[in-house]
Every structure is written in C-alpha cells, then in structure tokens.
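Residue numbers begin at 1 in each chain, while the letters A, B, ... track the order of the sequences. Everything numeric in this text was worked out from a predicted model, so none of it was measured. Below, all heavy atoms of this structure are taken into account, side chains as well, without hydrogens, waters or symmetry copies.
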Number of protein chains: 2
Amino acid sequence: MPDISRLRRFIQAMTRLADQNPSEARWLAEGEALLAELIAHDDWLPEALAEPGPTYRQYLLHCDPLERFSVVSFVWGIGQRTPVHNHKVWGLVGMLRGAEVSVTMHPEPGRPMREGQVDHLSPGQVVGVGSGEEDVHWVENAIPDRPSISIHVYGGNIGAIERHTFDPATSAKKRFVSGYTNTVVPNLWDRSMEMTAGA
Amino acid sequence: MPDISRLRRFIQAMTRLADQNPSEARWLAEGEALLAELIAHDDWLPEALAEPGPTYRQYLLHCDPLERFSVVSFVWGIGQRTPVHNHKVWGLVGMLRGAEVSVTMHPEPGRPMREGQVDHLSPGQVVGVGSGEEDVHWVENAIPDRPSISIHVYGGNIGAIERHTFDPATSAKKRFVSGYTNTVVPNLWDRSMEMTAGA
Ligand SMILES: [Fe+3]
Ligand SMILES: [Fe+3]
Ligand SMILES: [Mg+2]
C-alpha cells in the first residue's frame with residue numbers, strides 16, 4: 001500500500017514556501033530540493049495515478065487552493081509523446097520511474113520548427129525551467145517496452161492555463177488548455193490509520 | 001452535471017480567511033456567511049459524495065494543506081445517527097438537503113449522560129459551535145424516508161484529530177479518530193471546460 005504521507009509532506013512544504021511569496025529563482029531552487037526528496041523513493045504514488053492510457057496521462061495530484069502551484073503525475077505509455085507545447089509558468093520535472101526525453105523546439109514563423117536541446121531524464125533526476133526561458137518542447141517515453149512516470153510541479157494551475165501547442169512543420173501555434181485526466185484526486189488527509197498505529 | 005465551481009470559490013475564500021490568522025470568533029462569523037452562500041444552492045455536490053451507505057458517511061471535500069480547516073459532506077441514510085462525540089475544534093454545520101437533529105449531551109461521571117439543547121436544521125440553515133463550548137452531541141437524520149446531507153467545516157483536519165466518543169449510559173469516554181469514508185476527493189481544478197466555453 002503506497003505511503004501517501006511523502007506526498008502530503010511535500011505539499012505542505014511547498015505550501016509553506018508559497019506563503020513566503022518567493023521569487024521564481026527561489027521557487028525553482030527550493031522546489032527542486034523538495035521534489036528531489038519526494039522522488040528519491042518510488043513507494044508513494046497511488047496505483048490509479050500511475051496507470052497508462054491510450055494517450056499520455058496528466059493526473060492532478062494536488063492544486064494549491066490559491067492556484068500558486070500544481071503537482072501532476074505524467075504517465076507515458078509505450079511510444080507515447082506530447083505535442084509540441086509551451087507552459088507560460090515555471091516548471092520542475094522529477095523522474096520517478098522509467099525515463100523520458102525532452103526536445104526543445106524553436107518556432108521559425110511559416111517554416112518547420114528547429115530542434116534545440118535534447119534532455120534525457122533518469123529516475124531521481126530533477127530539472128527546472130523558468131517562465132522566461134524558451135519553454136517550447138515535446139516529451140516522450142524513452143523506454144521502448146514499459147511506461148515511464150515523471151512528477152511535474154508548475155507555478156500555477158497548469159491544467160487551467162491558456163497556452164499553446166505548435167505544428168512542427170509550420171511553427172503555427174494553436175490555443176490549448178490541457179485540463180487533467182482525473183476527476184478525483186487522492187485524499188491525503190485521512191491519518192486515522194497512522195494515528196491509531198502510533199497510539 | 002454538478003457545478004463544482006461553487007465549492008472551489010468557497011474553498012478559496014476560506015483559504016484567504018485562514019491566511020489572515022483569524023480569531024475563532026472571526027472564523028465562525030465569516031465562515032458562517034461563506035457556508036450559507038455555498039449551501040444556498042444544491043447543485044454542486046458530486047453524486048459520489050452524496051451517496052448514503054450502511055452507516056452515516058463522512059466524505060472529505062477539502063482539507064486545507066496546512067490543516068487549518070476541513071470541509072466534509074455528512075450523509076445520513078434513513079434512521080442513521082452518530083455516536084455521542086466531541087470535536088475539540090470550532091465547527092460550522094450547514095444543512096444542504098433533508099433535515100437533521102442534533103442533541104447536546106452532558107457527561108455525568110459514572111452515570112447516564114444528561115440531554116441538553118435539541119437543534120433542528122432545515123436546508124439553508126447554518127449553525128456554529130466554538131471549540132470552548134460544550135460540544136458533546138449526537139446527530140441523526142430527521143427525515144424518516146430519505147437521506148439527509150449537511151456540509152460541515154471544522155477548525156482543523158477533523159478526520160485526523162484525536163477526540164472521544166461517549167457511552168450515554170455511563171458517560172464513559174473512548175479515544176476516537178474518525179478518518180474519512182473516501183480515499184479520493186473531487187478534482188476542483190480542471191477548468192478546461194469552463195475556459196474553452198468562455199473563449
Ligand atoms: Fe511540458
Ligand atoms: Fe459532531
Ligand atoms: Mg499565508
């Protein structure tokens with residue numbers, strides 16, 4: 001049975017950070033350390049939020065009630081990838097299980113997009129991207145024969161932010177609000193079992 | 001389809017209130033006004049969180065990440081009632097559907113408990129109880145032939161607070177951590193439909 005308390009502690013620490021109105025640099029630095037701690041163990045993600053589907057899954061794990069940050073489990077099935085897209089807010093990606101490749105893409109108005117930096121992520125690794133940086137990319141599962149899972153943190157309610165996808169052949173962009181795959185999120189707050197055990 | 005945005009707005013307003021470190025009097029006064037607004041309409045509670053069960057249900061709708069307050073849907077099936085219990089934190093009860101009766105009980109060490117105030121709640125009504133007040137009571141469905149639902153707000157993570165149940169015949173108390181009925185809570189944050197509709 002997954003130990004959801006790791007996720008609860010992560011969310012509480014991120015909330016305390018949010019309450020200090022941190023600069024983006026602080027969000028990225030302190031958020032990276034907290035996310036690295038969370039994904040150092042792969043024993044806490046509920047099975048329902050690790051399930052691959054017909055396309056990649058974006059399971060909301062937690063959204064800050066004031067929408068200052070959100071935490072999402074991305075599950076890549078075999079051969080799955082995102083469209084080319086942007087974010088508009090800072091982001092942190094921590095690899096939990098498997099591996100992924102991210103390819104930065106540069107729009108060239110009216111022409112094919114140009115490929116930029118290619119990043120490979122292995123379990124335990126965390127990368128951060130600022131909101132001011134070139135943040136157009138696509139991501140795919142880098143494992144040929146099983147699903148991969150990364151935990152993302154964004155500087156807003158990422159499923160509700162109006163952003164864009166891009167056509168790699170023409171650099172044309174299209175309005176995009178991603179939403180989330182799941183209509184229910186885990187209940188992190190039932191500590192009755194822990195408390196009874198500790199009595 | 002329920003309009004979950006009412007619950008989202010309520011939780012955001014309660015979070016902003018929590019961020020002001022209010023006195024208990026302010027929590028009760030401003031929380032009462034916000035809860036009255038929430039329960040003035042019965043069009044937002046997801047069906048899964050309105051389902052009666054073999055005993056009364058305590059569905060967590062939201063817990064503040066810093067555990068300063070929690071919001072719970074109590075569903076009373078026909079003939080169902082709580083044990084005699086206390087709370088240890090302030091509470092607000094807003095009647096959403098049906099009706100309930102709350103009976104205050106006074107412990108008399110070694111003897112049967114004495115019945116106190118009897119409160120009847122109808123839809124739209126909200127009552128508050130301070131943490132310092134005598135807060136031992138039992139609650140039951142006041143409708144003989146269908147379920148009743150009230151929305152409760154507490155000054156903490158009520159499912160994780162160590163409190164007590166009482167034996168009405170002897171006033172003896174017993175340690176009690178209620179937990180919650182549900183392992184998943186509603187995702188209030190997928191606004192992709194609303195945003196697409198508004199474009
Ligand atoms: Fe991305
Ligand atoms: Fe009660
Ligand atoms: Mg604050």
#### Entry: Engaged part of Asn182(A) at the chain B interface, taking heavy atoms whose separation is under 4.5 Å
both
Between chain A and each of [options], count heavy-atom pairs under 4.5 Å; write down the option with the most.
options                                  : answer
Leu188(B), Leu60(B), Ile11(B), Ile161(B) : Leu60(B)
Ile4(B), Leu66(B), Val184(B)             : Val184(B)
Ala48(B), Cys63(B), Ser178(B)            : Cys63(B)

### Task
Give the member of Glu67(A), Gln12(A), Glu162(A) that has the highest number of heavy-atom pairs under 4.5 Å with chain B.
Glu67(A)
### Task
Dump the intermediate steps for ring pair (Phe, Tyr, Trp, His ring centres under 6.0 Å) on His62(A) and Phe10(A), then the final yes or no.
CA-CA 10 Å; His62(A) 175 77; Phe10(A) 172 74; 9.1 Å; no
### Task
Name all pairs fulfilling the salt bridge (Lys or Arg N to Asp or Glu O under 4.0 Å) condition that reach into residues 141-160 of chain A, sequence neighbours left out, sorted by first residue then second.
none
### Query
Given the side-chain rings of Phe74(A) and His152(A), with only the six-membered ring counted for Trp, is the space between their centroids under 6.0 Å?
yes
### Message
Has Asp190(B) got a side-chain atom pairing as donor or acceptor with Gly159(A)'s backbone, closer than 3.5 angstrom?
### Response
no
### Message
Looking at Arg6(A) and Asp43(A), is there a salt bridge between them, counting it only when a charged N and a carboxylate O are closer than 4.0 Å?
### Response
yes
